[in-house]
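Worksheet for the structure shown next.
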Amino acid sequence: MNALQPDNRIACHECDLLMQRPQIQGDQVVNCPRCGSRLISSHPNSAERSLALALAGLILLLPANLFPVLTLEVLGRQQEQTIFSSAMVLYRDGLALVALAVLLFAILVPLCKLLLLTYLSGALHLRRRWPLLPLAMRSYQHLDQWGMLEVYLIAVLVSVVKLVDIADVHPGLGLYSLGALIAVTALSSSQLDPDLFWHQIADLGDPVERVETGHE
Amino acid sequence: MNSWRHGALAQGLLRCHDCSALWPVSLEGHHCPRCGAPLHSRTPHSLTRTWALLLTSALLMLPANLLPIMRVTMLSSQGDASTILGGVIELTKHGLWGIAIVVLAASILIPVGKILALASLLIAIQFGKATNLRQKMVMFRIVHWIGRWSMLDIFVVGILVALVQFGNLAYIVGQTGALAFAGVVVFTMLAANTLDTRLIWDRHLQEASIGSET
Ligand SMILES: [Zn+2]
Ligand SMILES: [Zn+2]
């Protein structure tokens, strides 16, 4: 390790407490003794587990977006709805920014998160020094909270309850795919070990020259 | 016993926000050698930025709740403008109490509670006594985690507008209240992100060290 970087110690991101890096074996969670925040969520083989889950998520993303989530039937006429169409109608109604928010939080951010996770865990699993790994990891971490698929699923259920008195509502293949996709993304978040990822990224090769000069 | 010495900053180290590597404080303002993120021992202008985002959210709460988020046109009723609270009341009229409580919580209680909770943390850092720190941290974590659930009503509007499109028979149109409400959700999430909780501990330890000296 770099001489500048005392890696035998860690600091809490919520209260700044400096402490010795704990000895970790297997799946283990370490919380800050002072403020209780999650310091380390250790998962050996995090890269392999993440790769499998991210690929499963990418596959499920297709039917979740291509097939209708709900179909409404009124007097023999049918109207289908996909995640994309629920964003586009808002654009049509002159609410471009709201449409953009739905597009981002319910489609683009979940897609980008899965693509970034596939790229990262693929590189770490194959031990390849693919370009821009640190940037990909940082982007994943910053995007994390803006993916809102599970909120969208609850919104679908609320909509069903609101409409069920007035008309016939049928769940579509998109709804089941969405449910499975949420299960997979929730599992992938819980299996991600950012601390391990950062160490493996650093071990693959130092992306910034300044560290190289610090080494030799 | 000066407990502030246990802080990384007090021992001349700063933690990278993105990759959690520790670096000497002399790298303040530089980019992290491991991941490239800008290094800061504390989030720059954390309090000012959080206040600004909170005030914006609080102001947007007014149009978000007063303006309709959608207009429902059906054969029986013509152009019913529906506000968030109106939608909740409508649900209770149909006896759907469970779902009414979910929507009320996501759309009104959570945003209001979130703004008040973050404001109370800011006041504690700047003016008040930094006590009950563990409770404050638990409150902050709940606020941080729960914020995204307020997007619920926006998604509901999108789904309903997309589904109920039957020509003159029945249709729903999205309204500007939805824009203000989406703004509240995004700005409160950003406010929680810019609030640096380490400042609460700094304040607390400062008080403790002054208290022990006198
Ligand atoms: Zn802590
Ligand atoms: Zn870093």
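Just so we're on the same page: letters track the sequence lines, and every chain starts at 1. Note that these values count all heavy atoms, side chains included, but never hydrogens, waters or copies made by symmetry.
The one candidate from B:V161, B:V173, B:I172 that meets the side-chain contact (heavy atoms from CB on, under 4.5 Å) condition with A:V89 is B:V161.
Considering every non-hydrogen atom in both A:R138 and B:C35, the closest pair reads CD-O, 3.3 Å. The two residues B:W201 and A:E14 make their nearest non-hydrogen contact at CD1-O, 3.6 Å. In this structure, B:F166 and A:R77 approach most closely via the heavy-atom pair CE2-O, 3.5 Å. The two residues A:W146 and B:V186 come nearest to each other via the heavy atoms CH2-O, 4.1 Å. Of all non-hydrogen atoms in A:Q79 and B:A162, the two that sit nearest each other are CG-O, 3.4 Å. Scanning both residues, A:R34 and B:R134, for their nearest heavy atoms gives O-NH1, 2.9 Å.
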Evaluate side chain to side chain contact (heavy atoms under 4.5 Å, CB included) for A:H199 paired with B:C19, printing each intermediate quantity in order. CA-CA 9 Å; A:H199 277 99; B:C19 76; over 6 Å; no
Chi angles and distances behind the side chain to side chain contact (heavy atoms under 4.5 Å, CB included) call for B:R141, A:R38: CA-CA 11 Å; B:R141 272 171 224 141; A:R38 174 71 39 91; over 6 Å; no
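Of all residues in residues 111-120 of chain A, none places a non-hydrogen atom less than 4.5 angstrom from a non-hydrogen atom of chain B. Of residues 191-199 of chain B, those residues lying under 4.5 Å from chain A by any heavy-atom pair are B:N193, B:T197, B:R198.
Contact annotation for A:A11: both backbone and side-chain heavy atoms come within less than 4.5 Å of a heavy atom of chain B. Of the atoms belonging to B:V138, not a single heavy atom falls under 4.5 Å from chain A. Residue contact with chain B, scored on non-hydrogen atoms closer than 4.5 Å, is absent for A:L133. Both the backbone and the side chain of B:M151 come within contact range of chain A, with heavy atoms under 4.5 Å apart. Both the backbone and the side chain of B:L179 have a heavy atom closer than 4.5 Å to some heavy atom of chain A. With a 4.5 angstrom heavy-atom cutoff, A:Q141 touches chain B only via side-chain atoms. Of the two parts of A:T82, neither the backbone nor the side chain holds a non-hydrogen atom closer than 4.5 Å to a non-hydrogen atom of chain B.
The greatest number of non-hydrogen atom pairs below 4.5 Å with chain B, out of A:V69, A:D16, A:D93, is found for A:D16. For chain A, the option among B:I154, B:D18, B:V156 with the highest count of heavy-atom pairs below 4.5 Å is B:D18. Ranked by heavy-atom pairs under 4.5 Å with chain A, the list B:S41, B:G183, B:A37 is led by B:A37. Taking chain B as the reference chain and counting heavy-atom pairs below 4.5 Å, the highest number among A:L18, A:L135, A:D195 is found for A:L18. Across B:L152, B:I159, B:L169, the residue that shares the most heavy-atom pairs under 4.5 angstrom with chain A is B:I159.
A 4.5 Å side-chain heavy-atom check between B:Q175 and A:L95 finds every atom pair outside the cut-off. In this structure, the side chains of A:H13 and B:S20 stay at 4.5 Å or more apart for every pair of heavy atoms. Side chains of A:H142 and B:H17 form a contact here, defined as non-hydrogen atoms less than 4.5 Å apart.
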Residues 148-167 of chain A, side-chain donor-acceptor partners within the protein, below 3.5 Å, at least two apart:
residue	atom	partner	partner atom	Å
A:E150	OE2	B:R148	NH1	2.7
A:E150	OE2	B:R148	NH2	3.2
A:Y152	OH	A:Q81	NE2	3.0
A:Y152	OH	A:S86	OG	2.8
A:S159	OG	A:A155	O	2.8

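Heavy atoms from other residues, nucleotides or ligands lying under 6.0 Å from NE2 of B:H45 number 12 at most.
Between B:Q165 and A:R92, the side chains place a donor N or O and an acceptor N or O closer than 3.5 Å (distance only, hydrogens not considered).
Interatomic distance, CD of A:E73 versus CG of B:L163, reported as 12.5 Å (0.5 Å rounding).
By the side-chain contact (heavy atoms from CB on, under 4.5 Å) test, A:A99 pairs with A:L90, A:Y91, sequence neighbours left out.
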